[in-house]
Protein chains: 2
Amino acid sequence: MTNERIEEYLETILYLTNKNKGPAKTNQIAEELKLSPPSVTEMIRKLFGSGYIKYTPYHGVTLTPKGCTEAMRIKRRHQLLETFLVDVLDLDPKFAHAEACEMEHSISETTLEKMCAYMGHPEICPDGNPIGHGECCPTEALNASYRDYIPLSELKEGEQGTIKIISLTREIKDRLSSIGLIPDQEIQVKRKLGQGTLSITAMGTEVAVGKNIASKIMVQSHGA
Amino acid sequence: MTNERIEEYLETILYLTNKNKGPAKTNQIAEELKLSPPSVTEMIRKLFGSGYIKYTPYHGVTLTPKGCTEAMRIKRRHQLLETFLVDVLDLDPKFAHAEACEMEHSISETTLEKMCAYMGHPEICPDGNPIGHGECCPTEALNASYRDYIPLSELKEGEQGTIKIISLTREIKDRLSSIGLIPDQEIQVKRKLGQGTLSITAMGTEVAVGKNIASKIMVQSHGA
DNA sequence: CTATATAATTAGGAAAGCCTAAACATGTCG
DNA sequence: CGACATGTTTAGGCTTTCCTAATTATATAG
């Protein structure tokens with residue numbers, strides 16, 4: 001089982017190789033993790049020795065299939081935790097992200113699965129990114145779907161979309177259906193009333209949607 | 001802020017001084033934490049240096065007010081987490097205890113409070129112990145109330161009790177009231193149907209209560 | 001093609017926690 | 001009272017992960 005520090009490095013390397021569309025550099029990793037470059041070089045050697053990364057001195061690092069599988073596993077934990085913290089416990093998204101970073105290393109697979117089940121197996125994160133399933137090396141397609149889903153509160157006036165209530169708890173689903181909104185429903189934004197509060201048409205009827213809930217309903221935009 | 005290892009030691013010392021009704025011995029701590037005695041001696045010196053414990057070489061350790069406050073804070077986190085894992089996520093109580101041990105060090109105060117609120121500010125743990133509030137050095141009274149509350153599933157045939165649904169989630173409260181059970185209600189066990197399933201009378205009417213839910217309803221027993 | 005800026009690595013060392021083996025206290029039993 | 005079993009501490013060492021300072025490799029601009 002990988003330990004906490006190794007997990008942190010692998011996660012960062014996954015993030016950077018995706019961002020770079022190429023190897024992660026020593027200095028980048030150091031900056032990301034707020035460490036000195038020599039510390040990173042040292043750990044790189046260790047990760048290489050354990051078969052998690054490919055590594056050419058002076059040229060940077062990419063994940064091996066083994067390392068990528070591990071990194072994706074951690075990313076999934078992070079995303080599920082983040083989703084749970086935001087959707088169930090109603091934490092501030094930014095705070096939830098930081099908290100998930102802390103918790104993702106100590107939570108067990110069992111507990112994570114229970115959380116996942118409790119939320120109804122969400123497929124997207126509060127930040128709009130799809131939640132992985134441990135598959136190896138994220139494909140272009142997966143990356144392309146980034147931000148496919150956005151919170152309802154971010155739709156512009158006049159814009160249309162489809163509701164995707166994939167990641168919400170029973171509680172929020174209930175509140176939603178009580179105001180007449182259901183998954184896969186076509187909606188159009190009428191007016192933005194400020195601070196995320198808006199007035200939309202759904203199935204021909206006009207509905208007001210409050211700030212808190214609007215930021216939690218993920219929609220797929222179809223433009224104006 | 002205390003670190004993870006210090007928290008673990010303080011928690012153990014609180015547990016042992018309570019159990020001993022006297023100082024915690026080096027070997028006890030070592031055994032509890034599965035460490036060698038010299039490692040414990042070393043950490044004891046550190047804790048003493050930071051003012052968390054009183055320490056006389058060869059005689060053992062007690063908590064100072066500072067140490068006790070800290071230990072109680074950690075104990076509360078542990079208990080709240082354990083309650084959350086059992087009552088909300090439906091984890092096996094034994095597993096939840098172990099998991100809480102891992103998570104209690106990384107979860108933030110903010111998240112913990114959100115969990116607490118989500119559960120409706122529970123006052124007892126799934127194990128029947130009262131959840132502390134960070135008060136210093138547990139009193140006799142606090143210890144005396146251990147196991148005042150037991151799961152409904154443990155009431156014997158013919159025994160009476162009062163329902164204390166202090167630590168349950170909305171979900172379970174709903175399931176409860178749907179079968180006609182409410183907090184502070186007087187009940188009497190009619191028959192035990194095996195495996196925790198039982199038939200009880202509440203407000204004059206007979207109700208069947210299933211295994212899962214019976215083990216989560218805490219009651220104060222009044223005897224047969 | 002060389003001088004130089006930038007990036008990465010080596011060298012050497014520190015702190016935290018852990019270990020084993022050996023020395024040392026303490027309380028008890030004859 | 002003294003010897004011994006038990007429990008505790010000292011001595012010395014190991015691993016992990018981090019650091020700074022100095023060195024070396026690479027890429028680029030003139």
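Heavy atoms only: backbone and side chains are in, while hydrogens, waters and symmetry mates are out. Every chain is numbered from 1 and lettered A, B, ... according to where its sequence line falls, protein lines coming before strand lines. Remember, it's a predicted structure, so these values are computed and weren't measured experimentally.
- Computed from coordinates, the Gln28(B) CD to dT9(D) C1' distance equals 17 Å when rounded to whole Å.
- The local environment of CD in Glu31(A) is sparse, with at most 12 non-hydrogen atoms from other residues, nucleotides or ligands closer than 6.0 Å.
- In this structure, CG of Leu35(B) is placed 9 Å from C1' of dG17(C), rounded to the nearest angstrom.
- When the side-chain nitrogen and oxygen atoms of Arg45(B) are compared with OP1 and OP2 of dT10(D), one or more of them lie within a distance under 4.0 Å.
- Between Thr111(A) and Glu99(B), the side chains place a donor N or O and an acceptor N or O closer than 3.5 Å (distance only, hydrogens not considered).
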Side-chain polar contacts of residues 36-46 of chain A - donor-acceptor pairs under 3.5 angstrom, sequence neighbours left out - could you list them?
unit_1	atom_1	unit_2	atom_2	d
Ser36(A)	OG	Ser39(A)	OG	2.9
Thr41(A)	OG1	Pro37(A)	O	3.3

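- Atoms NZ (Lys25(A)) and C1' (dA8(C)) sit 10 Å apart, rounded to a whole Å.
- Of the charged side-chain nitrogens involved, at least one lies within less than 4.0 Å of a carboxylate oxygen, so that Arg77(A) and Glu109(A) count as a salt-bridged pair.
- To the nearest angstrom, P of dG7(D) lies 10 Å from CD of Glu31(B).
- Between Leu33(B) atom CG and dG17(C) atom C1' there is a gap of 12 Å when expressed in whole angstrom units.
- As a whole-Å value, the separation of Glu7(A) CD from dT16(D) P is 17 Å.
- With DNA chain D read from its 5' end, the first of the two nearest nucleotides for Asn27(B) and Glu42(B) is the one closest to Asn27(B).
- With a 4.5 Å cut-off on side-chain heavy atoms, Leu47(B) and Ile13(B) count as touching.
- OP1 or OP2 of dT9(D) sits under 4.0 Å from a side-chain N or O of Thr41(B).
- Distance CE (Met43(B)) to C1' (dC19(C)): 15 Å, rounded to an integer number of Å.
- Considering Glu8(A), Glu4(A), His78(A) in turn, Glu8(A) is the only one that fulfils the side chain to side chain donor-acceptor pair (under 3.5 Å) rule with His105(A).
- Nearest nucleotide to the side chain of Ser39(B), out of dT9(D), dC18(C), dA8(C): dC18(C).
- Atom C1' of nucleotide dA15(C) and atom CG of Asn3(B) are separated by 12 Å, given to the nearest angstrom.
- Contacts of Thr26(A) with the nucleic acid, taken as non-hydrogen atoms under 4.0 Å apart, involve only primed sugar atoms and P, OP1 or OP2.
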Side chain to side chain contact (heavy atoms under 4.5 Å, CB included) between Met115(B) and Thr83(B), intermediate numbers included: CA-CA 10 Å; Met115(B) 281 186 177; Thr83(B) 306; over 6 Å; no
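- Taking only side-chain nitrogens and oxygens, Ser36(A) comes nearer than 4.0 Å to OP1 or OP2 of dC19(D).
- One end of the helix from dC1(C)-dG30(D) to dG30(C)-dC1(D) points its axis 10° away from the other end's axis, with each axis taken from 5 pairs and the angle rounded to 10°.
- Of the residues near DNA chain D, Lys46(A) and Ile44(B), the one whose nearest nucleotide (by heavy atom distance) lies more toward the 5' end is Ile44(B).
- The side chain of Pro38(B) has dT20(C) as its nearest neighbour among dT20(C), dT26(C), dT26(D).
- Between Tyr55(A) and dA8(C) there is no side-chain polar atom (N or O) within less than 4.0 angstrom of OP1 or OP2.
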